[in-house]
Amino acid sequence: MAPNDYARADNWLCLPGHNAACDVNEDATVIAASGATTVEKFAPAKAPPIDCFYVYPTVSRDPGLVATMKAQAAELGVVAAQFARFAQVCRPFAPLYRQFTLTALVARMSGKPLAGTVDPKLGYNDVVDAWNYYLAHYNQGRGVVLIGHSQGSSVLIPLIKNEIEGKPVQNQLVSAILMGSRLQVPAGKDVGGDFSAVPLCHKSSQTGCAIAYATFRATAPPTATTLFGKSAGPGLEAACVNPAALGGGSGAAHAYFNTRSAIVDASSQVDWVKGKTIATPFVSVPGLVTAECKKNEVGTYLAITVHGDPGSARTADVPGDVVAGGQVRAEWGLHLVDASLFMGNLVTIVRDQAAAYGRARH
């Protein structure tokens with residue numbers, strides 16, 4: 001397949017002057033433990049000091065093995081859920097790319113994989129081309145945060161390794177947020193494994209570092225069939241950096257969930273507060289969730305504890321389990337809400353990192 005032309009604005013979801021996917025309503029209803037609600041209005045930054053470059057997860061419902069270069073509702077929905085809120089702290093960039101589709105993933109999971117073959121590096125090459133176009137035409141020496149989830153993270157990890165580490169642009173890396181990933185580090189270490197020069201983050205004033213994690217309910221930790229958290233070889237482990245407590249231990253998750261569902265285009269309404277209909281596209285539930293990095297015999301993971309009160313009008317649980325045939329697919333953990341669980345924490349971290357990056361440059 002021929003390379004994409006990223007000079008064409010319609011090959012981008014978010015780009016200055018072509019920003020409809022990111023210029024969306026991010027208002028949230030904040031639901032207190034008592035069930036009381038207030039509306040939190042969203043406003044993007046007028047002149048953000050840094051950029052964010054986002055690669056979205058497996059969402060395309062196109063019928064083939066790889067997605068077309070036409071934005072559908074799924075791509076727009078995941079940008080709203082996982083990326084548009086970062087416009088509070090950075091200028092957003094998000095290319096379309098020819099990803100492996102959700103259609104192909106579901107077919108493979110059902111034991112009926114789609115026929116045909118495709119270059120396994122097709123999506124990666126698209127993102128590299130978009131990255132290089134961004135650097136040449138928009139970056140102008142600005143700091144940049146790379147943000148990905150799932151397939152997006154699996155694209156960004158080699159991009160950082162091949163296109164950023166050891167090159168002058170590494171000095172402009174504010175951070176990399178690699179959600180739902182299996183980023184490998186030597187056991188107990190911050191650097192090595194997948195990256196040779198980009199360490200894990202331990203405080204929000206640290207720049208040039210990576211945040212990586214995969215979430216599981218504390219009550220349902222990874223088992224042998226897990227898709228995330230596993231080591232790739234002897235002496236290695238999956239990185240776990242807790243956005244709710246970068247320095248370690250447990251911390252409160254500042255979540256922003258889709259009001260309607262964990263799945264961005266689902267029609268089901270979550271019963272967030274008994275007797276109330278939520279009008280905003282997002283909800284925040286302070287005090288409901290805490291998180292802490294844990295290890296077991298299978299791997300390293302971010303354990304999610306839900307502190308629900310069944311006696312409260314507010315929901316006592318959170319969405320995010322993958323359900324197929326009426327059964328929870330425990331091997332996925334809370335993969336669907338890896339980003340939603342910590343969206344507020346991550347925006348705050350990026351704000352702090354942008355300030356630290358600016359101080360270091362002056």
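All heavy atoms count here, side chains included; hydrogens, waters and symmetry mates do not.
- Aromatic ring centres of Tyr213 and Phe342 lie closer together than 6.0 Å.
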Open item on the list: Leu227 vs Trp332, test: side-chain contact (heavy atoms from CB on, under 4.5 Å). Steps then yes/no.
Closed with: CA-CA 6 Å; Leu227 300 174; Trp332 287 87; 3.2 Å; yes

Between side-chain atoms of residues 64-74 and protein atoms elsewhere (two or more places apart, or another chain), which donor-acceptor pairs fall under 3.5 Å?
from  : atom 1 : to    : atom 2 : distance (Å)
Thr68 : OG1    : Asp62 : OD2    : 3.1
Thr68 : OG1    : Lys70 : N      : 3.4

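- When all heavy atoms are compared, the tightest approach of Asp51 to Cys90 is C-CB, 3.7 Å.
- Scored by the salt bridge (Lys or Arg N to Asp or Glu O under 4.0 Å) test, Arg217 finds Asp317, Asp321 as partners (sequence neighbours excluded).
- Checked by atom type and distance alone, the side chain of Thr290 never pairs as donor or acceptor with a backbone atom of Ser250 at under 3.5 Å.
- Closest of all the heavy-atom pairs between Asn258 and Trp272 is O-CZ2, 3.6 Å.
- Nearest heavy-atom pair, Leu246 versus Lys203, reported as atom, atom and distance to 0.1 Å: CD1-C, 3.5 Å.
- Under the 3.5 Å distance criterion, the side-chain polar atoms of Ser284 are left unmatched by any main-chain donor or acceptor of Tyr256.
- The closest donor-acceptor contact from the side chain of Ser196 to the backbone of Gly192 lies at 3.5 Å or more, if one exists at all.
- Residues Leu15 and Leu76 are members of one and the same hydrophobic cluster, defined by side-chain heavy-atom contacts under 4.5 angstrom among Ile, Leu, Val, Met, Phe, Trp and Tyr.
- A heavy-atom distance below 4.5 Å is found between the side chains of Cys209 and Pro199.
- Residues Asp190 and His202 form a side-chain contact, since some pair of their non-hydrogen atoms from C-beta on lies under 4.5 Å apart.
- In this structure, Tyr6 has its ring center no closer than 6.0 Å to that of Trp131.
- Among pairs with a residue in residues 16-45, those fulfilling salt bridge (charged side-chain N to carboxylate O under 4.0 Å, His left out) read Glu26-Arg85, Asp27-Lys41, at least two apart in sequence or across chains.
- Under the ring-ring contact (aromatic ring centres under 6.0 Å, His included) criterion, Tyr133 pairs with His137, not counting sequence neighbours.
- Atom NZ of Lys112 is surrounded by 12 or fewer heavy atoms from other residues, nucleotides or ligands within 6.0 Å.
- A donor-acceptor contact closer than 3.5 angstrom links the side chains of Asp126 and Asn4.
- Judged by distance alone, with hydrogens and angles left aside, the side-chain atoms of Gln99 form a donor-acceptor pair with the main-chain N or O of Ser60 at under 3.5 Å.
- Linking ILVMFWY residues whenever their side-chain heavy atoms come closer than 4.5 Å, directly or via other members, places Tyr138 and Ile164 in the same cluster.
- Formation of a donor-acceptor pair under 3.5 Å by the Gln206 side chain with backbone atoms of Leu200 is found in this model.
- For the pair Leu288 and Val306, the minimum side-chain heavy-atom distance is below 4.5 Å.
- Between Phe100 and Gln151 the shortest side-chain heavy-atom distance falls below 4.5 Å.
- Contact between Asp352 and Ser204 at its shortest, heavy atoms only, is OD2-OG, 3.0 Å.
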TODO: Go through the steps for Thr215 and Leu341 under the test side-chain contact (heavy atoms from CB on, under 4.5 Å), then give the verdict.
DONE: CA-CA 9 Å; Thr215 59; Leu341 281 163; 4.0 Å; yes

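- The shortest side-chain heavy-atom distance between Val30 and Thr37 does not fall under the 4.5 Å cut-off.
- A donor-acceptor contact shorter than 3.5 Å links the side chain of Tyr97 to the backbone of Tyr56.
- When atom types are taken as modelled, the side chain of Ser312 and the backbone of Ala33 share a donor-acceptor pair closer than 3.5 angstrom.
- When the shell of 6.0 Å around NZ of Lys276 is examined, it contains more than 12 heavy atoms from other residues, nucleotides or ligands.
- In this structure, Val24 is not a member of the same hydrophobic cluster as Tyr54, with clusters built from ILVMFWY side-chain heavy atoms closer than 4.5 Å.
- Checking each of Leu178, Leu159, Val127, Ile147 against Val55 for a side-chain contact (heavy atoms from CB on, under 4.5 Å) leaves exactly one that passes, namely Val127.
- Remark: Lys167 NZ is packed, more than 12 non-hydrogen atoms of other residues, nucleotides or ligands lying under 6.0 Å away.
- No continuous path of hydrophobic side-chain contacts links Phe282 to Val273 [ILVMFWY only; heavy atoms under 4.5 Å].
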TODO: List the steps, then state whether salt bridge (charged side-chain N to carboxylate O under 4.0 Å, His left out) holds for Arg8 with Asp10.
DONE: CA-CA 5 Å; Arg8 293 179 52 188; Asp10 58 3; 3.0 Å; yes

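- A donor atom on one side chain and an acceptor atom on the other are found under 3.5 Å apart for His149 and Asp338.
- A heavy-atom distance below 4.5 Å is not found between the side chains of Thr101 and Thr58.
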- [ ] Take Tyr124 and Asp129 through the side chain to side chain donor-acceptor pair (under 3.5 Å) test and state the conclusion after the steps.
- [x] CA-CA 9 Å; Tyr124 169 77; Asp129 289 344; over 6 Å; no

- [ ] Kindly indicate, with the supporting measurements, whether the criterion side-chain contact (heavy atoms from CB on, under 4.5 Å) is fulfilled by Thr305 and Val289.
- [x] CA-CA 6 Å; Thr305 300; Val289 176; over 6 Å; no

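- Using a 30° and 60° split on the angle between ring planes, His335 and Phe228 fall in the parallel class, below 30°.
- Ring to ring, Phe93 and Tyr134 are close: their centroids are under 6.0 angstrom apart.
- Other residues sharing the hydrophobic cluster of Val328, ordered by chain and number and joined by side-chain separations under 4.5 Å: Val323.
- Within a 6.0 Å sphere centred on NZ of Lys230, other residues, nucleotides and ligands contribute more than 12 heavy atoms.
- In this structure Glu237 satisfies the salt bridge (Lys or Arg N to Asp or Glu O under 4.0 Å) test together with Lys295, sequence neighbours excluded.
- For the pair Gln184 (side chain) and Arg182 (backbone), a donor-acceptor distance under 3.5 Å is present.
- Results of the side-chain contact (heavy atoms from CB on, under 4.5 Å) test with Cys201 over Ile349, Asn242, Thr207, Ile211 single out Ile211 as the only residue that passes.
- Gln88 contributes no side-chain N or O that, together with a main-chain N or O of Phe42, makes up a donor-acceptor pair within less than 3.5 Å.
- In this structure, Ala330 and Phe216 approach most closely via the heavy-atom pair O-CE2, 3.8 Å.
- Between the side chain of Arg142 and the main chain of Ile50, a donor-acceptor pair closer than 3.5 Å is present.
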- [ ] Check the pair Lys294 / Thr300 against side-chain contact (heavy atoms from CB on, under 4.5 Å), numbers first and verdict last.
- [x] CA-CA 6 Å; Lys294 297 283 189 179; Thr300 312; over 6 Å; no

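- Counting heavy atoms from C-beta on, the side chains of Phe86 and Leu346 come closer than 4.5 Å.
- More than 12 heavy atoms of other residues, nucleotides or ligands shown are found within 6.0 angstrom of CZ on Arg361.
- Across Val174 and Ala354, no two heavy atoms sit closer than the pair CG1-N, 4.3 Å.
- A side-chain N or O of Ser175 and one of Gln353 form a donor-acceptor pair less than 3.5 Å apart.
- Taking 4.5 Å as the limit, every side-chain heavy atom of Asp194 sits out of range of all side-chain heavy atoms of Val185.
- Cluster membership for Leu114 and Val59, using ILVMFWY side-chain heavy atoms within less than 4.5 angstrom, is not shared.
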